[in-house]
Amino acid sequence: MQDPTDHVVQLAALTQQEASDTLREQMPTLDQPLFAQTLTDDERKALIDCYPPLAEVRYSPPATLPQAERHFGKGHRHEDQSLCQVQYTISAIVRPVDVLGYVLLPILPADQVARVYAILNDIRTLILHAGGVANEARNNIALRAVNPSFSLTPSWSKDYTMAIDQFKETVSANASLQKMLKDATPSSRQFRRSDPNASFFRDVPPLGGGGQPESRFPSSLLDTSTVKLSPDTDDPKVL
């Protein structure tokens, strides 16, 4: 049995070759740039309708999580809707790829099946990756709507952009982490530097100043060196 990975070695030489005229005739879009062409809604719908959807494949993008949508502002809603439209456009690529798989299987020689379907599966894998990247971006929008610093690790449910329980757990985990970091951050008061020349003990202010009450008596009466008692009376006399 042929190794499915042999197609990688066999196709490596094609990167240095130009497409043949026959190939260009069969695939005229080879001459068009990858990121410059858009289709009208009617053109896109007509093209998609050529390929019936498979019953077991969900082509509609996941819905926005209601718990997050309640926090959406105008910008969040616009971003989410734009990414949802990108996901819808990506899902349309899967339909012709899946139909091709069904068409080729009965007509391919047995020795070519593994090689061809390895290529088809690689195409589908890259399509799924593109849809998943858009989904992760929508999940991050949902978390940023709650708090701009929140983010998540990929891989989630497909009914909504993420599972409701995991959304709540992620919000709770981010909130707890922020609180822990805030509590661990020293207060700005702890970083205030004191004057290195200041004394540890507060200086005692002189009488009549620095918080001490001023005396209401004349300063001359407070000078005990000028006060003497008269021998005949107890009245003090100022000499």
Side-chain angles (χ1 to χ4, degrees), residues 7-8 11 15 27 29-102 117-175 177-178:
H7 75 281
V8 177
L11 295 176
T15 59
M27 300 179 64
T29 55
L30 286 175
D31 294 326
Q32 297 178 5
L34 289 177
F35 305 105
Q37 177 175 321
T38 57
L39 300 174
T40 65
D41 289 341
D42 290 339
E43 290 173 334
R44 178 183 56 80
K45 187 176 185 303
L47 184 57
I48 294 174
D49 288 344
C50 293
Y51 305 96
L54 302 184
E56 65 271 19
V57 178
R58 181 191 296 270
Y59 295 96
S60 300
T64 303
L65 197 68
Q67 286 81 353
E69 194 170 13
R70 287 197 291 265
H71 297 275
F72 276 12
K74 184 177 180 181
H76 298 118
R77 188 166 286 103
H78 178 73
E79 285 185 77
D80 185 70
Q81 290 174 350
S82 296
L83 287 169
C84 185
Q85 182 61 38
V86 170
Q87 286 182 306
Y88 183 74
T89 303
I90 292 172
S91 71
I93 307 172
V94 180
R95 288 175 65 164
V97 172
D98 290 344
V99 170
L100 180 62
Y102 273 79
Y117 278 85
I119 297 173
L120 287 176
N121 191 63
D122 288 346
I123 295 172
R124 214 174 190 285
T125 299
L126 292 174
I127 295 172
L128 296 178
H129 170 72
V133 169
N135 205 63
E136 289 178 18
R138 293 182 66 193
N139 288 337
N140 280 311
I141 291 172
L143 287 171
R144 290 202 313 270
V146 178
N147 188 303
S149 66
F150 286 1
S151 60
L152 56 84
T153 304
S155 86
W156 304 89
S157 167
K158 300 300 180 182
D159 292 331
Y160 287 112
T161 56
M162 73 176 79
I164 295 176
D165 291 342
Q166 291 182 337
F167 174 79
K168 293 178 179 179
E169 290 174 5
T170 302
V171 170
S172 177
N174 278 273
L177 178 61
Q178 280 199 334

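A donor-acceptor pair under 3.5 Å is absent between the side-chain atoms of Arg44 and the main chain of Leu39, judged by distance alone. With hydrogens and angles ignored, the 3.5 Å screen pairs a side-chain donor or acceptor of Asn174 with a backbone N or O of Thr170. In this structure a side-chain-to-backbone donor-acceptor pair under 3.5 Å is present from Tyr59 to Leu54.
Nearest heavy-atom pair across Gln87 and Gly131 is NE2-O, 3.4 Å. Counting all heavy atoms, side chain and backbone alike, Arg95 lies closest to Pro53 at NH2-CD, 3.2 Å. Between Leu120 and Gly101 the shortest heavy-atom distance is CD1-CA, 3.9 Å. In plain terms, the two heavy atoms of Tyr117 and Leu100 that are nearest each other are OH-O, 4.5 Å. The nearest pair of heavy atoms linking Val97 to Ile93 is CG2-O, 3.4 Å. Across every non-hydrogen atom of Pro62 and Asn135, the tightest pair is CG-OD1, 3.1 Å.
Between Asp49 and Lys45 there is a salt bridge, with a side-chain nitrogen of the basic residue lying less than 4.0 Å from a carboxylate oxygen of the acidic one.
Between Asp80 and Glu69 there is no side-chain heavy-atom pair separated by less than 4.5 Å. Contact annotation: the side chain of Val86 approaches that of Ile90 to within less than 4.5 Å [non-hydrogen atoms, C-beta and beyond].
The distance from atom CD1 of Ile127 to atom CG of Asp98, rounded to the nearest 0.5 Å, is 8.0 Å. In this structure, CG in Leu126 is found 10.0 Å from CG in Asn121, a value given to the nearest 0.5 Å. How far CZ of Arg70 is from CG of Leu65: 8.5 Å, rounded to the nearest 0.5 Å. A distance of 10.0 Å separates CG in Asn139 from OG1 in Thr64, rounded to the nearest 0.5 Å.
Within 6.0 Å of OH on Tyr102 lie no more than 12 heavy atoms contributed by other residues, nucleotides or ligands.
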Inset, instruction - Evaluate the side-chain contact (heavy atoms from CB on, under 4.5 Å) criterion for residues Gln178 and Asn147: first the C-alpha distance (whole Å), next the side-chain angles of each, then the deciding distance (0.1 Å), finally the verdict. - result: CA-CA 11 Å; Gln178 280 199 334; Asn147 188 303; 3.3 Å; yes

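For residues 61-101, every residue pair satisfying the ring pair (Phe, Tyr, Trp, His ring centres under 6.0 Å) rule, not counting sequence neighbours, is listed here: Phe72-His76.
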